[in-house]
Amino acid sequence: MKREELLTVRIDPELKERIELLERKKMETKSNIVREALIRYIQDETGMDDIRENISKKFASGSISFEQMVKILGYEEARKVAFFVEAAKKSFEEGLK
Amino acid sequence: MTKVVMDTSSLVTLELIGILEKSFEITEIIIPEIVKAELIEISSYQDKEGKTAKNILNLINGGKIKIIKVKDKKKAHSLLSRNVNEGESECIVCCNENSVKTLVMDDVDAAYELEGFAISNGIKMKISVAVLVELHRNKIINRDELKKYVKKMIKTREWEGGILEVLAKKYLGEL
């Protein structure tokens with residue numbers, strides 16, 4: 001069996017109360033609730049990285065528009081991708097000029 | 001001779017692929033003192049980047065790369081954020097104080113946050129591949145060498161499958 005590691009984090013009292021509420025409602029331990037939340041968050045984020053990479057490549061190759069990219073990544077993330085694509089394009093087209 | 005300011009990551013990228021010294025033929029590279037400090041820190045690592053940083057420090061000590069003291073530390077401090085560290089903020093202020101119009105920076109998050117300051121001060125932000133393109137434009141390297149170095153850059157920095165590789169294929173053909 002894999003050895004489990006202990007992770008200590010500081011949270012504010014309101015969040016702790018909400019975890020305790022869930023603890024009673026789901027009849028689960030605090031540990032299980034926090035562990036499940038962490039797993040879900042990490043899975044979402046990792047999945048999002050793949051989506052971001054794919055969409056960025058499609059935008060860079062011209063197969064989707066900025067507006068289409070905004071719909072998937074959100075405005076701020078799409079702006080960052082567009083900025084990098086523009087900087088990279090200028091680097092290829094102009095060199096250091 | 002094009003004057004450029006380079007951040008630590010772009011210097012490391014260029015030295016890692018073995019093109020930094022060649023770039024002295026077409027560029028005058030300027031760095032703020034903090035970039036040297038960052039390189040000293042990296043040089044203590046017992047890995048490929050540590051060795052690369054040592055090589056760059058030798059070039060700095062040999063006078064091949066010019067170090068400039070940033071005067072307006074307050075301005076540099078005001079540009080700091082979660083994504084912009086001291087090295088990056090001093091690089092862009094260094095450009096502004098010394099009328100250098102090109103900043104080579106490979107950190108996308110930092111460059112994105114500094115975009116507004118760059119635009120309002122007429123500073124062009126480029127990534128390190130621009131140095132390779134410039135070497136090609138000046139006939140220091142031929143097209144095959146350009147492709148070879150771009151490919152090496154993408155592999156060395158683990159940028160495979162990313163935006164740079166997509167654009168490299170678009171502009172240079174199959175690598």
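Small disclaimer: the values here were computed from a predicted structure and weren't measured. In what follows, chains carry the letters A, B, and so on, assigned in the order in which the sequence lines appear, proteins first and then strands, with residues in each chain numbered from 1.
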(request) Start with the C-alpha gap between B:I127 and A:F84, add the side-chain angles, then the distance that decides, and say whether side-chain contact (heavy atoms from CB on, under 4.5 Å) holds. (result) CA-CA 9 Å; B:I127 56 173; A:F84 180 65; 3.9 Å; yes
(request) Answer with yes or no whether the side chains of A:K97 and B:T2 bring together a donor and an acceptor at under 3.5 Å. (result) yes
(request) Find out whether B:K126 and A:F92 are in side-chain contact, i.e. whether some heavy atom of one side chain is under 4.5 Å from a heavy atom of the other. (result) no
(request) Write down the atom of A:V85, the atom of B:L167, and the distance for their closest heavy-atom approach. (result) O-CD1, 3.9 Å
(message) So which residue, B:E165, B:K170, B:R137, ends up with the most heavy-atom pairs under 4.5 Å with chain A?
(response) B:R137
(request) Establish whether B:V100 and B:M105 are linked, either directly or via other cluster members, by ILVMFWY side-chain heavy-atom contacts under 4.5 Å. (result) yes
(request) Locate the shortest heavy-atom distance separating B:T102 from A:L96; write the atom from each residue and the value. (result) OG1-O, 3.2 Å
(request) Show your reasoning for whether side-chain contact (heavy atoms from CB on, under 4.5 Å) applies to A:K80 and B:E115. (result) CA-CA 10 Å; A:K80 194 189 284 186; B:E115 185 192 15; over 6 Å; no
(message) Using heavy-atom distances under 4.5 Å, tell me whether B:L172 contacts chain A through its side chain, its backbone, both, or neither.
(response) side chain
(message) Less than 4.5 Å to any heavy atom of chain A: does that hold for the side chain of B:V108, its backbone, both, or neither?
(response) both
(message) Tell me which of these, A:E86, A:E93, A:R79, has more heavy-atom pairs under 4.5 Å with chain B than the rest.
(response) A:R79
(request) Below 4.5 Å from any heavy atom of chain A, which atoms of B:S128 appear? Answer side chain, backbone, both or neither. (result) neither
(message) Which heavy atom of A:A88 sits nearest to which heavy atom of B:L164, and what is that distance?
(response) CB-CD1, 4.5 Å
(request) Go through the atoms of B:V4 and report whether side chain, backbone, both or neither lie under 4.5 Å from a heavy atom of chain A. (result) side chain
